[in-house]
K.L.:
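Below you'll find the structure I mean.
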Amino acid sequence: MTHKIYNFKFNIVISSRHPFLNSRSYRVHKKRKQCLPECGTITTAWRIKVFVVLAAYQEAFERMGHFLARKPLVALLISLVIMVGCCLGFIRLNFEQPNIELFTVTDSQSRKDSHDSAQFFPILEARQEKVIMIPKDGESILSEECLRDVVMVHRAIENISGYDDICLKQQLPNVAEESKEKNCMISSPLELAGTNFQNLKNLSSILARESVKPTTVLSSGQTFKHSYRQMLANFHLQRNRDRLTAHADALQAIYFIRKTTSPEEYQKIEDFEVTFSNLLTSVSPRLKCAELSYKTGRATTKALQDVLKPELWPLCVTVFAMAVLAFIVIHFSSANAFCLRTVLLLFSCFLLPLTCSAGFVSMTNFAFTSTSLFIPFFLLGKVITDVVLFLVEWERHQMVPSLEHRVGNCLARTGVLATATALCGSVLCGVAVKSSFRGISHFFFATLAAHLAVSASNLTITVIVLLYFERKIKTINTPCAATCE
């Protein structure tokens with residue numbers, strides 16, 4: 001008996017510890033049940049707000065559709081006035097060639113420090129025209145015969161018309177010379193050969209001495225000991241009998257051109273570089289000891305332009321292929337398809353807004369580059385999506401007898417979605433406009449303007465075109481119906 005009582009008590013203890021029989025568990029469930037109405041209230045209030053906003057948008061688009069259906073000529077006239085006003089901006093249309101400044105951070109601290117330093121040391125921002133000479137037979141470029149070729153090239157460059165006007169002058173006149181006139185700044189071992197190169201035969205020994213114990217300051221403000229690495233490749237000294245001679249595998253001469261922001265001065269620099277390239281190309285075959293190669297500042301800019309310059313025939317093929325694809329998608333998205341209507345939709349919904357946006361952007365003194373040619377490819381998908389979406393709704397409401405209600409219903413259903421996609425695209429382009437790189441910022445600024453123009457006019461132009469063809473069809477069908485009766 002005692003054993004049974006013990007078991008009974010034990011069962012009671014176990015059962016009292018069971019989570020489903022514990023009074024605290026009931027309180028937990030009560031708290032959850034009390035939380036549900038509050039969460040439901042918040043969700044319901046949020047749904048009501050979203051519904052009110054969507055209803056307001058749909059009502060606005062429905063009123064817009066009624067206005068377009070009642071007064072299509074007024075809407076067309078307003079669109080033409082806006083288009084003509086935007087196209088007036090083509091008077092200030094400007095094209096800019098790609099340059100390094102477009103793809104560098106112009107307002108960074110390092111650029112500011114470099115600009116401040118260049119005010120005291122202009123050589124830091126000077127344009128460099130480089131000439132590299134290598135001996136043909138593999139001997140030293142500092143041999144007397146090779147140095148004659150170097151001197152011939154140097155004199156030919158100095159005799160180019162206008163070189164003395166655009167070259168970067170040395171900071172102080174040469175105190176070793178009687179003339180106080182400032183000479184053009186260069187980086188070349190020929191500076192140690194004398195004014196008329198009278199020490200050309202002994203230049204190898206002079207360079208050997210200057211590399212150990214410098215006594216002459218070059219036009220760049222440095223000594224040969226601290227700048228020979230940018231002048232001579234594999235420079236080393238050899239003892240020939242009782243004297244040291246210098247040997248090198250290649251020689252580089254740098255001619256510094258001062259930086260300018262004036263368009264006239266910049267044109268002079270470009271003309272000089274063209275003459276510079278043509279001159280060295282013609283002189284190269286006459287060299288007996290050395291081979292010649294060169295690099296100009298214009299070559300760097302041209303290399304960047306070639307990278308960003310699209311190939312013409314792939315671009316034309318791509319444009320044609322995308323136009324055909326857009327035509328097929330728009331044409332077969334409607335049961336009552338007309339080729340003329342499809343072409344007119346594609347032209348009016350894509351080319352006209354792009355033209356307007358280009359004219360509007362030109363008003364802001366914006367300079368287009370070759371990268372702007374890729375903007376239409378970003379927007380073609382947006383145009384096709386909006387037009388096809390509206391055509392599907394247009395076919396779905398074809399049994400509505402009133403054109404006014406038909407247009408209103410279609411715009412009410414498609415306008416919200418088109419606005420949402422336009423908002424997302426505008427936000428993405430707007431974020432990219434804030435880029436620190438001017439080239440990227442300009443590209444997305446033009447893209448944003450084109451995106452807003454396409455989004456704002458896409459549905460309006462589609463409605464006007466569809467209304468025109470729908471009324472033409474009704475005008476044709478009305479006499480036929482009267483004749484049949």
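In this text the structure is predicted, and so the values were computed from the model without any measurement. Excluded from the calculations below are hydrogen atoms, water molecules and symmetry mates; all remaining heavy atoms, backbone and side chain alike, are included.
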K.L.:
Are any of the side-chain heavy atoms of R127 and K259 separated by less than 4.5 Å?
P.N.:
no
K.L.:
Any chance you could lay out the side-chain contact (heavy atoms from CB on, under 4.5 Å) test for V131 and F276, step after step, and finish with the verdict?
P.N.:
CA-CA 10 Å; V131 179; F276 180 88; 3.5 Å; yes
K.L.:
Can you tell me if E191 uses its side chain to pair, donor with acceptor, with the backbone of S219 under 3.5 Å?
P.N.:
yes
K.L.:
Are the aromatic rings of F444 and H451 close, with centres under 6.0 Å apart?
P.N.:
no
K.L.:
Under the salt bridge (Lys or Arg N to Asp or Glu O under 4.0 Å) criterion, do E404 and R70 qualify, and how do the steps go?
P.N.:
CA-CA 7 Å; E404 182 177 340; R70 291 172 184 172; 2.6 Å; yes
K.L.:
For residues M231 and L251, determine if any side-chain heavy atom of one lies less than 4.5 Å from a side-chain heavy atom of the other.
P.N.:
no
K.L.:
Using every non-hydrogen atom in the two residues, find where M133 and A290 come nearest and quote the distance to one decimal.
P.N.:
CE-CB, 3.7 Å
K.L.:
So, taking the atom named CG in N159 and the one named OG1 in T275, what distance separates them when rounded to the nearest 0.5 Å?
P.N.:
13.0 Å
K.L.:
Can C184 and Y163 be said to form a side-chain contact (heavy atoms from CB on, under 4.5 Å), step by step?
P.N.:
CA-CA 9 Å; C184 292; Y163 169 68; 3.7 Å; yes
K.L.:
As a quick check of understanding, evaluate side-chain contact (heavy atoms from CB on, under 4.5 Å) for F256 and Q128, giving each step before the final call.
P.N.:
CA-CA 5 Å; F256 297 99; Q128 298 182 5; 3.8 Å; yes
K.L.:
Would you say that E62 contacts V407 through its side chain, given a criterion of any heavy-atom pair below 4.5 Å between the two side chains?
P.N.:
no
K.L.:
So which atom in I269 and which in I166 form the shortest heavy-atom distance, rounded to 0.1 Å?
P.N.:
CA-CD1, 4.1 Å
K.L.:
Is a donor from one side chain sitting under 3.5 angstrom from an acceptor on the other, for T281 and Y294?
P.N.:
yes
K.L.:
What pair of heavy atoms forms the shortest contact from I464 to P72, and how long is it?
P.N.:
CD1-O, 4.4 Å
K.L.:
Answer yes or no: is there a side-chain heavy-atom contact under 4.5 Å between I134 and L292?
P.N.:
no
K.L.:
State plainly whether the residues D164 and K169 are in salt-bridge range, i.e. N to O under 4.0 Å.
P.N.:
yes
K.L.:
Within a radius of less than 6.0 Å around CZ of R258, do more than 12 heavy atoms belonging to other residues, nucleotides or ligands occur?
P.N.:
yes
K.L.:
Just checking, is any N or O donor in the side chain of S262 or E264 under 3.5 Å from an acceptor N or O on the other one?
P.N.:
yes
K.L.:
Determine yes or no for a side-chain-to-main-chain donor-acceptor pair under 3.5 angstrom, with E129 supplying the side chain and Y255 the backbone.
P.N.:
no
K.L.:
With rounding to the nearest 0.5 Å, note down the distance linking CD1 in I157 to CG in L280.
P.N.:
5.0 Å
K.L.:
Hey, are the side chains of S187 and L218 touching, using non-hydrogen atoms and a 4.5 Å cut-off?
P.N.:
no
K.L.:
How far does CD of E291 sit from CD1 of I132, to the nearest 0.5 angstrom?
P.N.:
12.5 Å
K.L.:
Check the pair R413, L389 against side-chain contact (heavy atoms from CB on, under 4.5 Å), reporting the backbone distance first and the verdict last.
P.N.:
CA-CA 9 Å; R413 294 178 64 90; L389 182 64; over 6 Å; no
K.L.:
Could you measure the distance from the CG atom of N278 to the CD atom of E273? Nearest 0.5 Å is fine.
P.N.:
12.0 Å
K.L.:
Answer yes or no: is there an ion pair linking R155 with E158, defined by an N-O contact shorter than 4.0 Å?
P.N.:
no
K.L.:
How long is the gap from OG on S435 to CZ on F445, to the nearest 0.5 Å?
P.N.:
14.5 Å
K.L.:
Within the 3.5 Å criterion, strictly below it, is a donor on K382 or T421 matched to an acceptor on the partner's side chain?
P.N.:
yes
K.L.:
Distance check, rounded to the nearest 0.5 Å: F67 atom CZ versus L411 atom CG?
P.N.:
12.5 Å
K.L.:
Any idea which heavy atoms bring S277 and T296 closest together, and the distance?
P.N.:
OG-CG2, 4.0 Å
K.L.:
Donor-acceptor pair, distance only, cut-off 3.5 Å: does the side chain of S282 make one with the backbone of L279?
P.N.:
yes
K.L.:
What pair of heavy atoms forms the shortest contact from H66 to H405, and how long is it?
P.N.:
NE2-CA, 4.4 Å
K.L.:
A side-chain contact here means heavy atoms from C-beta on lying under 4.5 Å apart; do I186 and H154 qualify?
P.N.:
yes
K.L.:
Hey, does L77 have a side-chain heavy atom less than 4.5 Å from the side chain of L73?
P.N.:
no
K.L.:
Any side-chain to backbone donor/acceptor pair from S457 onto A453? Under 3.5 Å, distance only.
P.N.:
yes
K.L.:
Looking at every non-hydrogen atom in both residues, tell me the closest pair between L467 and A69 and how far apart they are.
P.N.:
CD1-CA, 3.8 Å
K.L.:
Should the ring pair F390 and W394 be called parallel, tilted or perpendicular, given that the plane angle runs from 0 to 90° and is split at 30 and 60?
P.N.:
parallel
K.L.:
Tell me, do I257 and L168 make a side-chain contact under 4.5 Å, heavy atoms counted?
P.N.:
no
K.L.:
Using modelled atom types and a 3.5 Å cut-off, is there a donor and acceptor pairing between side-chain atoms of T385 and backbone atoms of G381?
P.N.:
yes
